[in-house]
2 protein chains.
Amino acid sequence: MVRISNGRSKASGSRRAERTRRAILQAAAAAFREHGYAGAGMREIAEKAELSPANLYYYFGGKDEILFYCQDHSLDRLLAAADEAAVSGEPPAAQIGRVIRAHLRCVLDELDGASAHLEVDALPAPLRRRVVAKRDRYERAVRALVAAGVDAGSFAGRDPILVTRAILGALNSTVRWFRPGGAVSAARLADEYADFLVRGLLA
Amino acid sequence: MVRISNGRSKASGSRRAERTRRAILQAAAAAFREHGYAGAGMREIAEKAELSPANLYYYFGGKDEILFYCQDHSLDRLLAAADEAAVSGEPPAAQIGRVIRAHLRCVLDELDGASAHLEVDALPAPLRRRVVAKRDRYERAVRALVAAGVDAGSFAGRDPILVTRAILGALNSTVRWFRPGGAVSAARLADEYADFLVRGLLA
DNA sequence: TATGGTTTTGAACCATGGTTCGAATTTCGA
DNA sequence: TCGAAATTCGAACCATGGTTCAAAACCATA
């Protein structure tokens with residue numbers, strides 16, 4: 001494990017290679033969400049991506065590196081959404097609502113975003129550090145929005161750290177039971193969650 | 001796997017046997033929380049329980065059966081707390097607050113309660129059915145309290161199913177980051193979470 | 001102390017699964 | 001079309017980890 005040295009492993013050039021890279025990450029994310037990191041096998045990931053198990057090692061250094069890129073990619077999405085909300089100029093409640101909806105969209109609609117925060121401990125130390133650092137950056141960004149609302153007086157004076165973790169915990173746990181095509185749509189879920197959680201913040 | 005036939009496996013008699021049974025469950029729960037079900041090894045569980053790996057099979061049929069009893073035990077605790085709140089005669093908001101605090105106490109204070117809801121899919125079908133049934137019973141109990149508040153007009157008219165899942169998701173996710181002896185105590189966490197989540201319910 | 005049941009264990013078994021390797025196949029510019 | 005680079009794969013390697021087994025150690029009772 002941990003045979004990654006530079007940022008990109010080999011084979012980052014061609015257009016086609018980049019496509020199969022994406023396909024692998026998507027297949028892996030689906031497998032991770034179904035059986036967890038340790039439970040999902042390379043053979044299963046290969047089958048979902050429609051190529052041989054050995055071929056995975058042409059694109060990635062190993063199983064852990066696949067998990068790393070899954071998490072890293074979805075964290076980039078989340079961070080972008082949080083930054084976008086922060087500069088929107090809307091009132092704090094609307095900003096948080098934006099972030100909640102964007103977060104759920106990332107986690108539920110896009111297949112490869114589910115394993116963003118789950119199973120960080122499965123990564124070897126150097127990769128884990130990078131993911132944890134990025135995840136903390138996202139958590140701080142959300143927390144800053146909460147704290148801004150508290151300072152402005154529109155939110156109740158609760159601990160922003162705890163409230164932020166409660167919100168993120170509620171959001172991330174949706175991947176455990178939500179299934180596309182089920183009784184509730186992702187859009188309705190996002191609306192209800194946003195209303196409920198934002199209401200909890202208000203003074 | 002699934003070599004369990006009757007409710008109790010062998011060796012349920014002596015007082016001492018029952019003690020080591022508990023010790024094994026506690027050690028296993030700690031290991032599961034640390035590395036997940038698939039990630040935690042029987043040798044690690046044995047070491048934490050201070051006995052040999054082979055000895056585990058004198059008390060339990062296998063790894064999956066250990067997970068089953070972990071989940072079953074903590075679900076009993078949660079159900080008892082929910083029932084207790086339901087018959088308290090307090091207003092809905094106070095009842096939900098009670099359940100939230102009890103839930104966090106179960107999940108954070110008692111070491112063997114952490115893996116209650118996580119990793120249900122790891123169980124073989126027959127055991128999984130039993131755990132899922134009990135877990136659903138608990139979720140319905142909490143949902144009934146929420147629905148009662150909505151009907152009484154003290155809660156906003158949101159979907160009780162989604163709101164309940166949001167609450168339980170926030171509560172269960174605490175085991176991912178909470179560590180006893182850390183910056184925040186379990187009691188303060190419970191108070192903040194209860195205030196925040198109950199406030200989200202109010203009309 | 002002798003005896004039968006309970007409890008514990010070291011060692012090995014065996015399936016699973018991540019990984020490697022060398023060759024075959026495909027791709028693509030010259 | 002030719003040949004080098006990129007891509008794919010079957011097969012095997014090997015460590016890990018759940019599990020089994022027969023024998024030893026323990027413990028209560030007669």
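The figures here come from the full heavy-atom set of this structure, side chains too, leaving out hydrogens, waters and symmetry mates. Throughout, protein chains are lettered first and strands after them, A, B, ... in sequence-line order, and every chain is numbered starting at 1.
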### Task
Can you tell me the distance, in whole Å, between the CD1 atom of Ile45(B) and the C1' atom of dT9(C)?
18 Å
### Closest to the Ala17(B) side chain, choosing from dT8(C), dT19(D), dT7(C)
dT7(C)
## Note on the structure
By salt bridge (Lys or Arg N to Asp or Glu O under 4.0 Å), Arg98(B) pairs with (sequence neighbours left out) Glu90(B)
### Task
Check each residue of residues 47-54 of chain A for a non-hydrogen atom within less than 4.0 Å of any atom in DNA chain C, then write out the ones that pass by number, or none.
Ala54(A)
## Note on the structure
Correct closest heavy-atom pair for Arg128(A) and Leu123(A) would be NH1-O, 2.9 Å
### Message
Does either side chain, that of His103(A) or that of Tyr193(A), offer a donor lying less than 3.5 Å from an acceptor on the other one?
### Response
no
## Note on the structure
Regarding the side chain of Lys63(A), the nearest nucleotide among dT8(C), dT8(D), dT19(C) is dT19(C)
### Query
Below 4.0 angstrom from OP1 or OP2 of dT8(C), is there any side-chain N or O of Tyr59(B)?
yes
### First of Arg16(B) and Thr20(A) reached from the 5' end of DNA chain D, by closest nucleotide
Thr20(A)
### Query
Rounded to the nearest Å, what distance is computed from the CG atom of residue Leu56(A) to the C1' atom of nucleotide dT20(C)?
13 Å
### Message
Any non-hydrogen side-chain atom of Thr174(B) less than 4.5 Å from a side-chain atom of Leu189(B)?
### Response
yes
## Note on the structure
Rounded to whole Å, OH of Tyr57(B) lies from P of dA23(D) at a distance of 21 Å
### Query
Rounding to a whole Å, what distance do you find between Arg15(B):CZ and dT7(C):C1'?
17 Å
### Query
Just how far, in rounded Å, is P of dA22(D) from CG of Asn55(B)?
17 Å
### Message
Ignoring hydrogens, what is the shortest heavy-atom contact between Ala28(B) and Cys70(B)? Give both atom names and the distance.
### Response
CB-SG, 4.4 Å
### Task
Could you tell me the separation between the OH atom of Tyr58(A) and the C1' atom of dA5(D), rounded to a whole number of Å?
8 Å
### Message
Students often get this wrong, so: under 4.0 angstrom with heavy atoms, is Arg43(A) touching a base, only sugar-phosphate, or nothing?
### Response
base
### Query
Quick one: are Ile167(B) and Val99(B) in side-chain contact, heavy atoms under 4.5 Å?
no
### Message
Any base atoms under 4.0 Å from Ala46(A), or only sugar-phosphate, or nothing? Heavy atoms, all strands.
### Response
nothing
### Message
What contact category does Ala38(B) fall into here, base, sugar-phosphate, or nothing, at under 4.0 angstrom with non-hydrogen atoms?
### Response
nothing
### Query
Given atom OH of Tyr37(A) and atom C1' of dG17(C), what is their separation to the nearest angstrom?
12 Å
### Message
In the structure I gave you, are the side-chain heavy atoms of Lys134(B) and Asp76(B) within less than 4.5 Å of one another anywhere?
### Response
yes
### Task
Mind calculating the distance between CD1 (Ile24(A)) and C1' (dG18(C)) to the nearest angstrom?
15 Å
